[in-house]
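Encoded as structure tokens, the structure appears first; notes follow it.
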Number of protein chains: 2
Amino acid sequence: MEDLRDDRDSWTSENCSVARAMDIVGSRSTVLIMREALLGTRRFDDFVRRVGVGEPAMAARLKEMVAAELLERIPYREPGQRTRHEYQLTRKGRELLPVITALRNWGDTWTAADTGPSIVATHHDCGEPIRAVLRCAAGHEIADGDIDIIAGPGLVRRD
Amino acid sequence: MEDLRDDRDSWTSENCSVARAMDIVGSRSTVLIMREALLGTRRFDDFVRRVGVGEPAMAARLKEMVAAELLERIPYREPGQRTRHEYQLTRKGRELLPVITALRNWGDTWTAADTGPSIVATHHDCGEPIRAVLRCAAGHEIADGDIDIIAGPGLVRRD
DNA sequence: GCGCTGACTTCAGCATACGCAAGTCAGATC
DNA sequence: GATCTGACTTGCGTATGCTGAAGTCAGCGC
């Protein structure tokens with residue numbers, strides 16, 4: 001099987017999933033909102049306070065994220081309160097957890113404060129810390145050089 | 001063990017590894033340059049052509065990334081050519097692979113073109129496709145609700 | 001029907017990111 | 001010493017992201 005890296009100029013980066021993903025979650029505040037949402041935050045002013053971004057920016061970001069279907073705007077009502085709206089993660093949003101986790105792992109390793117990480121995600125069943133790792137569909141763990149890059153159905157070749 | 005999500009307002013998001021990571025790799029073009037670097041690209045004009053960003057932006061980005069120690073600027077010389085410089089991944093840069101992979105997985109699933117993904121990373125030994133997954137240090141695979149969030153040494157509490 | 005509150009919106013103003021076009025610069029080839 | 005080329009830099013103009021301060025709006029409690 002030919003490895004695409006051997007002839008990098010025979011194909012283009014049109015139709016790149018990384019680029020399309022970055023068009024959606026490419027800004028700093030969007031990622032930090034996802035971090036908070038994955039920690040359970042749902043309300044506008046909690047997002048504002050915990051992410052540390054201003055109200056206008058937050059309103060704009062949340063609107064984008066609802067449009068991108070990362071979040072859903074859902075009415076709720078507490079007893080004796082009027083109807084309000086909260087922002088719940090969709091499945092599409094929840095599935096960004098490996099991205100955020102990988103980012104947190106990397107940040108913990110390479111940009112750590114001298115005090116160490118502030119929070120640790122652990123496995124509920126055994127208490128061991130959780131990391132994002134590479135694994136193949138057969139269950140093997142992937143070491144650094146063990147990867148081939150092959151053509152998918154959407155590859156755009158150049159000739 | 002107390003789960004920090006139960007009392008989200010008792011601690012702050014200062015010292016957040018995700019935020020610090022985003023300060024370094026938070027822009028679209030930085031991520032796309034990392035994608036190319038992980039595919040083996042090393043030279044200035046190859047980056048310009050393959051990432052699809054202009055020369056001024058590329059020069060600025062590469063300079064930042066060298067300063068952030070994601071890339072190293074290394075002199076090389078081809079026979080009959082003058083000395084030039086290429087950009088090689090450092091270990092710090094190479095360890096962003098799980099982040100990029102998680103992002104590509106997510107993009108393939110949720111933003112796919114109708115044609116399907118353009119490239120697939122496979123395990124060299126068995127040929128199966130590779131994904132970024134969550135795993136705990138004891139080797140268990142992590143399902144969606146199986147995560148606790150506990151305090152790390154660097155947590156900043158609010159009182 | 002008035003105040004309160006959470007959830008926004010509106011309005012400057014600034015900083016960064018990017019594009020395009022053109023210019024520079026160093027050194028190997030001729 | 002003129003030419004060529006890869007690797008940038010300079011100089012614009014535009015778009016996006018953010019901040020801070022102030023204003024709006026929809027009800028529930030009184």
Side-chain angles (χ1 to χ4, degrees), chain A residues 8-9 13 16 18-20 22-37 41-68 70-88, chain B residues 8-9 13 16 18-20 22-37 41-68 70-88:
Chain A
R8 176 64 184 84
D9 282 319
S13 291
C16 171
V18 179
R20 278 194 311 268
M22 285 303 288
D23 289 337
I24 297 174
V25 290
S27 91
R28 179 188 148 86
S29 54
T30 302
V31 171
L32 297 186
I33 292 166
M34 283 306 306
R35 175 199 73 192
E36 278 310 317
T41 298
R42 293 185 193 181
R43 298 193 192 167
F44 184 81
D45 65 333
D46 286 335
F47 278 118
V48 169
R49 205 158 17 84
R50 294 172 186 168
V51 173
V53 70
E55 291 179 357
M58 182 57 69
R61 251 7 81 227
L62 287 175
K63 206 165 279 185
E64 275 177 22
M65 292 169 77
V66 169
L70 301 179
L71 300 175
E72 222 175 336
R73 191 162 176 274
I74 301 207
Y76 72 98
R77 180 169 199 166
E78 284 184 355
Q81 294 286 91
R82 66 184 243 246
T83 302
R84 302 188 184 289
H85 294 270
E86 60 179 12
Y87 297 90
Q88 283 187 20
Chain B
R8 177 64 184 85
D9 282 318
S13 291
C16 171
V18 180
R20 279 195 309 270
M22 285 304 287
D23 288 337
I24 298 174
V25 290
S27 91
R28 179 186 150 88
S29 55
T30 302
V31 171
L32 297 186
I33 291 166
M34 282 306 306
R35 174 199 74 192
E36 276 311 317
T41 299
R42 294 185 192 181
R43 298 194 191 166
F44 184 81
D45 65 333
D46 286 335
F47 279 118
V48 169
R49 206 157 18 83
R50 294 172 187 168
V51 173
V53 70
E55 290 180 358
M58 182 58 69
R61 251 8 80 227
L62 288 175
K63 205 164 281 184
E64 276 176 22
M65 292 169 78
V66 169
L70 301 179
L71 300 174
E72 221 175 337
R73 190 162 178 274
I74 302 207
Y76 72 97
R77 180 167 199 168
E78 285 185 355
Q81 296 285 93
R82 65 184 244 241
T83 303
R84 302 189 182 288
H85 295 270
E86 60 180 11
Y87 297 89
Q88 283 187 20

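In what follows, every heavy atom counts, from backbone to side chain, and hydrogens, waters and symmetry copies are set aside. In what follows, chains are A, B, ... by sequence order, proteins preceding strands, each numbered from 1.
Taking for each of B:Pro56 and B:Asp46 the nucleotide of DNA chain D with the nearest heavy atom, the 5'-most of the two is the partner of B:Asp46. Each of A:Glu55 and A:Arg28 lies near DNA chain D, and the nucleotide nearest A:Arg28 is the one positioned closer to the 5' end.
Under 4.0 angstrom from either OP1 or OP2 of C:dC8 there lies no side-chain N or O belonging to A:Arg84. Contact annotation: B:Lys63 reaches the phosphate of D:dT9 (side-chain N/O to OP1 or OP2, under 4.0 Å). Proximity of A:Ser29 to the phosphate of D:dG17: no side-chain N or O atom is located under 4.0 Å from OP1 or OP2. At D:dT16, none of the side-chain N or O atoms of A:Arg61 fall inside 4.0 Å of OP1 or OP2 (strictly under the cut-off).
Rounded to whole angstrom, the span from the CG atom of B:Asp45 across to the C1' atom of D:dT9 amounts to 16 Å. Remark: C1' of D:dG17 and CG of A:Leu62 are 15 Å apart, rounded to the nearest angstrom. In this structure, B:Leu32 atom CG and C:dG19 atom P are separated by 11 Å, rounded to whole Å. Rounded to an integer number of Å, the gap from A:Met22 CE to D:dG17 P is 12 Å. The distance from atom NE2 of B:His85 to atom P of D:dT9 is 12 Å, rounded to the nearest whole Å. Between the CZ atom of B:Arg73 and the P atom of D:dG6 there is a distance of 16 Å, given to the nearest Å. With rounding to whole Å, A:Met58 atom CE is found 16 Å from C:dG6 atom P. A straight line from CD1 of A:Ile24 to P of D:dT16 spans 16 Å, rounded to a whole angstrom.
A:Gly26 comes within contact range of no nucleotide atom at all, as no heavy-atom separation falls under 4.0 Å. A:Tyr87 comes within contact range of the sugar-phosphate backbone alone, with a heavy-atom separation under 4.0 Å but no base atom that close. At the heavy-atom level, A:Val53 lies under 4.0 Å from the strands shown only through sugar-phosphate atoms.
Checking B:Arg35, B:Arg50, B:Glu86 one by one against B:Thr41, the side-chain hydrogen bond (donor to acceptor under 3.5 Å, both in side chains) holds for a single residue, B:Arg50.
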Would you please test B:Leu70 and B:Ile33 for side chain to side chain contact (heavy atoms under 4.5 Å, CB included) and show each step? CA-CA 11 Å; B:Leu70 301 179; B:Ile33 291 166; over 6 Å; no
Side chain to side chain contact (heavy atoms under 4.5 Å, CB included), that's the test. Do A:Val53 and A:Leu32 meet it? Break it down for me. CA-CA 10 Å; A:Val53 70; A:Leu32 297 186; over 6 Å; no
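Contact of the B:Arg49 side chain with the A:Ser13 side chain is not registered, since no non-hydrogen atoms from C-beta on lie closer than 4.5 Å.
Closest to the side chain of A:Ala57, from the set C:dC8, D:dA7, D:dC18, is D:dC18. The side chain of A:Ala59 has C:dT9 as its nearest neighbour among D:dA7, D:dT9, C:dT9.
To the nearest 0.5 Å, atoms CZ (A:Arg28) and CE (B:Met22) are separated by 8.0 Å.
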